[in-house]
There are 2 protein chains.
Amino acid sequence: MSVLATTLSRKQRELINREELILDTAQTMLNEHGYNYVTMDRIAEAVEYSKGTIYNHFASKEDLVCSLCCRFIKNLIDVFEKAYNYDGSTRERYSAIGIGYSLYHQLHPLDLQNIQTLKNNAVREKVSDEKLCEMETLEQKITKISLNIVQDAIDCGDLDKKHQENISTIVFGCWSMHYGALLLDQSDIPLHALGFSPVVNMLWKNSNTYLDGYQWQPLSDSTDSKLLFEQISSALFGNEINTLKRTA
Amino acid sequence: MSVLATTLSRKQRELINREELILDTAQTMLNEHGYNYVTMDRIAEAVEYSKGTIYNHFASKEDLVCSLCCRFIKNLIDVFEKAYNYDGSTRERYSAIGIGYSLYHQLHPLDLQNIQTLKNNAVREKVSDEKLCEMETLEQKITKISLNIVQDAIDCGDLDKKHQENISTIVFGCWSMHYGALLLDQSDIPLHALGFSPVVNMLWKNSNTYLDGYQWQPLSDSTDSKLLFEQISSALFGNEINTLKRTA
DNA sequence: ACATTTTTTGACGCTTCGTCATATTATATG
DNA sequence: CATATAATATGACGAAGCGTCAAAAAATGT
């Protein structure tokens, strides 16, 4: 029995490792050569397994891309959890979520694009239900973190009790604002030519204005916004932030 | 000379008509059967011209889809211009832009999806520079309308002069909020299951909160928001609004 | 050592895009 | 009107990618 168990688990480990290898390879390919370059044949060649074997792991190319997206969301969840545990007021913690979201996508600009590719119905309809379900679960988890902070804010009085019924609206407001802004940022619309400042700055200003609109204490004009941004950034990303600065 | 001129213009008219025919056909196909069903062969068969002829009009499938997107944006420009000329305060006129944007996409949910498809690099890189340029021009035009209203607000004192330097940030804030919200709405994320109310309602509330944050007069708590929404809706869309209500 | 089950393989069929030599139609000229 | 020339339309074809499946190889069991 123990022999059976170990062989089984060794096989399973091998399967998992190979799956990781395939995903790593696909992601590298994606980052270096773009979506169109990534084909099942090329992945197969790169990992030195046949195409059939790849298809034993993933039902379709779209299924594989969906798995990559799940990884991205897991990374984001880590960032959100750091933000949740940030040592500060509820407003600071909630701001940390937004900043984490912005900066994550600044550091990994392609991830959001891939997620958005997957939102497209034409692509989505080719993903297996199983994978879609996995992704949905992750999305629920990440939403919960945001909702919890808003609830905390109401419980401790930073946000007026009358907003209890608006919790989800507030989360949705910030979410949509960030999501939209970051997508616009990478869509080759020449924002700069249209007179727009760098997106991360605008986002920071806009979400402060938005939260001020809800009177979420402490208001932004009683705070050194710039300093706060710096503090939260380095708390969330530590070293990576230097990389970002060097790039910009 | 006059003979030459008329034959040339007749030919040109024929070309333009055929181009419209192709676009109409593609759009119908898209709405009825989805992106994957739309192929160049099927379009050719439906319009009763050969594939080669289709390629005389459009450099690629993506080029054709880009032309469809340009049409969508033109429609949106019409809506925005109606909003610009809405008879009311600057805040009402600016709100009208947001409402117009929301409702247009409520009436034509697929249009935004197609535009977003095109923002994807993998697709975008196959569109001819010429078409991309055409779309960019339209996007600039639509942005200008929004910017102008904010400028009007500052000029007439509804918005404090200190925000002169933030005009583009304000426009970007509303734009990203709406863009993100509407995309999230159609991305099959089960927003309702997550406890979110219908997106158009949330958007209306959120953009009011956002504009209140900038102290754009008159503030929303001195207004009957619900009534205002109704008024603007029917001013912009008239009859179409009934269709919408019947659907919902 | 052999039988049975599991896994891997890559050639193959299918679909779609975009091209281009050929056929067709339109225009110009004698 | 006939013929030459230019413009346009056609659809067979090549290329590329996805996903399948019968056959081969490897692993497991006896």
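Put simply, the residue from A:I142, A:L112, A:L203 that forms a side-chain contact (heavy atoms from CB on, under 4.5 Å) with A:Y101 is A:L112. For the pairing with B:L182, the side-chain contact (heavy atoms from CB on, under 4.5 Å) check across B:Q113, B:H105, B:Q116, B:M177 returns one residue only, B:H105.
The two atoms that bring A:R42 and A:Y37 nearest to each other are NE-O, 2.7 Å, heavy atoms only. When all heavy atoms of A:Q186 and A:P109 are compared, the closest pair comes out as NE2-O, 2.9 Å.
Distance B:E14 CD to C:dT25 C1': 12 Å, rounded to the nearest Å. Per the geometry, CG belonging to B:D63 stands 14 Å off P belonging to C:dC17, to the nearest Å. Taking atom NZ on B:K126 and atom P on C:dG18, their separation rounds to 7 Å, with Å as the unit. Rounded to an integer number of Å, the gap from CD1 of A:I43 to C1' of D:dG17 is 12 Å. For the pair A:F58 CZ and D:dT20 C1', the computed distance is 18 Å after rounding to whole Å.
In this model, the phosphate group of D:dT8 is not approached by any side-chain N or O of B:R18 to a distance below 4.0 Å at OP1 or OP2.
Both tests hold for A:K61 against A:Y35: distance to the six-membered ring centre under 6.0 Å, angle to the ring axis within 45°.
Ring planes of A:W175 and A:F172: perpendicular class, angle over 60° (limits at 30 and 60°).
The line from OG1 of A:T53 to NE2 of A:H57 is 7.0 Å long, rounded to the nearest 0.5 Å.
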Between the protein and nucleotides 9-16 of chain C, which nitrogen or oxygen pairs are less than 3.5 angstrom apart?
residue: C:dT9; atom: OP2; partner: A:S50; partner atom: N; Å: 2.9
residue: C:dT9; atom: OP2; partner: A:S50; partner atom: OG; Å: 3.3
residue: C:dT9; atom: OP2; partner: A:T53; partner atom: OG1; Å: 2.8
residue: C:dT16; atom: OP1; partner: B:R42; partner atom: NH2; Å: 3.3

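In this structure, the helix from C:dA1-D:dT30 to C:dG30-D:dC1 shows an angle of 10° between the axis at its start and the axis at its end, each fitted on 5 base pairs and rounded to 10°.
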| Worked verdict on A:Y84 versus A:N148 for side chain to side chain donor-acceptor pair (under 3.5 Å) | CA-CA 9 Å; A:Y84 184 85; A:N148 284 340; 4.9 Å; no
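Of the listed nucleotides (C:dT8, D:dT20, C:dT19), C:dT19 has the atom at the smallest distance from the side chain of B:Y55.
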